[in-house]
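Okay, structure first, notes after.
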Protein chains: 2
Amino acid sequence: MNKRTRAVGFGNATDADGIALSLGQQVRNYVLQKIDSGEWPEGTRIPSEAQLVEQLGASRMTIHIALRDLSAAGVLMRKQGAGTFVAPRSSQSTFLELRNIHAEIEARGNRHTTDVHVMEAINCDLSLATEMNVVPGSTVFHSLLVHRENGRPLQIEDRYVNPLFAPDYLEQDFTRITPNEHLMAMGPLKEVEHVIQAVTADEQSRALLEMQPGEPLLLLRRRTWSRGLIATSARLLHPGTRFSLAGRMTVPH
Amino acid sequence: MNKRTRAVGFGNATDADGIALSLGQQVRNYVLQKIDSGEWPEGTRIPSEAQLVEQLGASRMTIHIALRDLSAAGVLMRKQGAGTFVAPRSSQSTFLELRNIHAEIEARGNRHTTDVHVMEAINCDLSLATEMNVVPGSTVFHSLLVHRENGRPLQIEDRYVNPLFAPDYLEQDFTRITPNEHLMAMGPLKEVEHVIQAVTADEQSRALLEMQPGEPLLLLRRRTWSRGLIATSARLLHPGTRFSLAGRMTVPH
DNA sequence: TATACAAACTTGTATATACCAATATATGAT
DNA sequence: ATCATATATTGGTATATACAAGTTTGTATA
């Protein structure tokens, strides 16, 4: 029997592009699929190495290394003698919150509402084409929303979206779900880029955020990559005086 | 011969607390020490697995796993057939640069100078004690510097330091090395907390940064943990109009 | 019932072996 | 000198084996 190409359990032996996956990768995918599907929620004790050896047909060392990798990545938590557990989602990607403004506002026990000011498809100029990494003149979607916490404006969300990534973007009702939630459902994001600046409000932003003249703004520009393209580029503007970004991270080695 | 307790090469077999280290940990420490000491700068091709087997006396699999871990942590880059290389520092802890303002300014080809305004030991009040997680009234060190890029003020560094972590802090010449560099040498940091805000400059900050009235500032508060205590808490103030924080991170699975 | 101890289970570490895959280098023919 | 080929080097993956070390569970004893 060929040791290298045997498939794990009933899992796939190739990825979406038909590239053969290593046994270790298949084990990792198997575990991640169980977690993503909800079958193994946070805190679940997953099968022991010995059980996975039986279920998946790989050797114990292969299983061990795969689980070790997922543990280093923060997906699992392992404890000698006790077992292997699904790590809480919150301990991952701790850095720079503000992944879901709706969830964050609700978590504070407050009410979140959204005003939709712009929903349009536009042909992008050279500057925007560079920002989105598309050819100039291409059509991209554009939305401009204001998020409110208990009625007070908290964030201007000025977003451009690649139609290839989210074709139905303009049909969404963003007073009911956030753009972020819709985009998350479109596909897994691979990379995130942030640029943070303090700026003075222009007149439009000042009016939308109901601020006094001269108040500083916190500007967060965020681009996310998915499926090899820039899925979305957003400018998130916050009143500096009553908003902060917080993050905490464990340092590698 | 006992497989488990044999020391790697000339390295230590125990950590600072006398706890026995695994062989794999010794290998990782060996590599990290070479990198941290500058003996292996960025881009260096480090000895091959076979050479490390000879030099350190561990088996190839042990060496391989150790290097694999460091590769996953972003410390090394490995290429099949070519070798193992020290990864550029910038690709580590990619998120939120500004770990070393001196290095960043020099990397831009500019000149970095520092003005020292305050160097003192103070007894902390309740607020500061909470921030530093020490008992109120304890002595903590305090420094206030201004970092300049080609003569222009770029950052106010207002820092409090736990004397237990860096007893010689006040004896340092911060026109020659940065506080960050001194603190890094004191011990490994385990965790970092950031809070980012946009604020309006008070009169002192405005003067130190040579800004116009009303210009916005980017405020970065950073606390770092090491050896189970808060090593340092810093307020870093930047002119918002000519400064930005950038970061890029790959999303776990 | 409570405690002590033993056994079973689980992950952690290390090695030896085997072969695969990508890269770099030496060699030889043209 | 150039190109193609063979060879050596280097990391990647997978397995089998052995033992260490921490946790849980079961059992016997006081």
Nearest whole Å is fine: how far is [N] [atom2] from [X] [atom1]?
X       : N      : atom1 : atom2 : result
A/Leu67 : C/dT11 : CG    : P     : 8 Å
A/Ile65 : C/dT11 : CD1   : P     : 14 Å
A/Met77 : D/dT23 : CE    : P     : 13 Å
A/Arg60 : D/dA20 : CZ    : C1'   : 11 Å
B/His64 : D/dT13 : NE2   : P     : 6 Å
B/Phe85 : D/dT9  : CZ    : C1'   : 12 Å
A/Gln26 : D/dA14 : CD    : C1'   : 12 Å
B/Met61 : D/dT17 : CE    : P     : 16 Å

Can you name the residues that form a ring pair (Phe, Tyr, Trp, His ring centres under 6.0 Å) with [X], not counting sequence neighbours?
X        : answer
B/Phe174 : B/Tyr169
B/Tyr160 : B/His142
A/His112 : A/His102, A/His147

Inset, instruction - Just jot down the side-chain hydrogen bond (donor to acceptor under 3.5 Å, both in side chains) partners of B/Gln25, sequence neighbours excluded, or say none. - result: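 Scan of B/Gln25 (side-chain hydrogen bond (donor to acceptor under 3.5 Å, both in side chains), adjacent residues dropped) gives B/Arg28, B/Asn29.
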
Inset, instruction - Give a yes/no answer on whether the side chain of B/Ser59 brings an N or O atom under 4.0 Å of OP1 or OP2 in C/dA16. - result: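 Indeed not, no polar side-chain atom of B/Ser59 lies that close.
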
Inset, instruction - Give a yes or no on whether the backbone of A/Leu67 and the side-chain of A/Ser71 come within a donor-acceptor separation of less than 3.5 Å. - result: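 No; judged by distance alone, with no hydrogens or angles, the pair does not exist.
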
Legend entry - Of all pairs that satisfy salt bridge (charged side-chain N to carboxylate O under 4.0 Å, His left out), the ones with a partner from residues 70-79 of chain B, not counting sequence neighbours: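 Only B/Glu49-B/Arg78 qualify under salt bridge (charged side-chain N to carboxylate O under 4.0 Å, His left out).
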
Legend entry - side-chain contact (heavy atoms from CB on, under 4.5 Å) involving A/Glu39 - partner list, sequence neighbours excluded: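 Residues passing side-chain contact (heavy atoms from CB on, under 4.5 Å) with A/Glu39: A/Lys34, A/Ser37.
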
Legend entry - With A/Asp125 via side-chain contact (heavy atoms from CB on, under 4.5 Å) - residues at least two apart: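 Residues passing side-chain contact (heavy atoms from CB on, under 4.5 Å) with A/Asp125: A/Ser127, A/Leu128.
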
Legend entry - Pairwise distance CD(A/Glu181) to CG(A/Leu183) - rounded to 0.5 angstrom: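 Interatomic distance, A/Glu181 CD to A/Leu183 CG, rounded to 0.5 Å: 10.0 Å.
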
Inset, instruction - Rounded to 10°, tell me the angle between the two end axes of the helix from C/dT1-D/dA30 to C/dT30-D/dA1, each built from five pairs. - result: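 So the angle between the two local helix axes works out to 10°.
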
Which protein N or O atoms sit under 3.5 Å from an N or O of nucleotides 8-10 of chain C?
| residue | atom | partner | partner atom | Å |
| --- | --- | --- | --- | --- |
| C/dT10 | O2 | A/Gly81 | N | 3.3 |

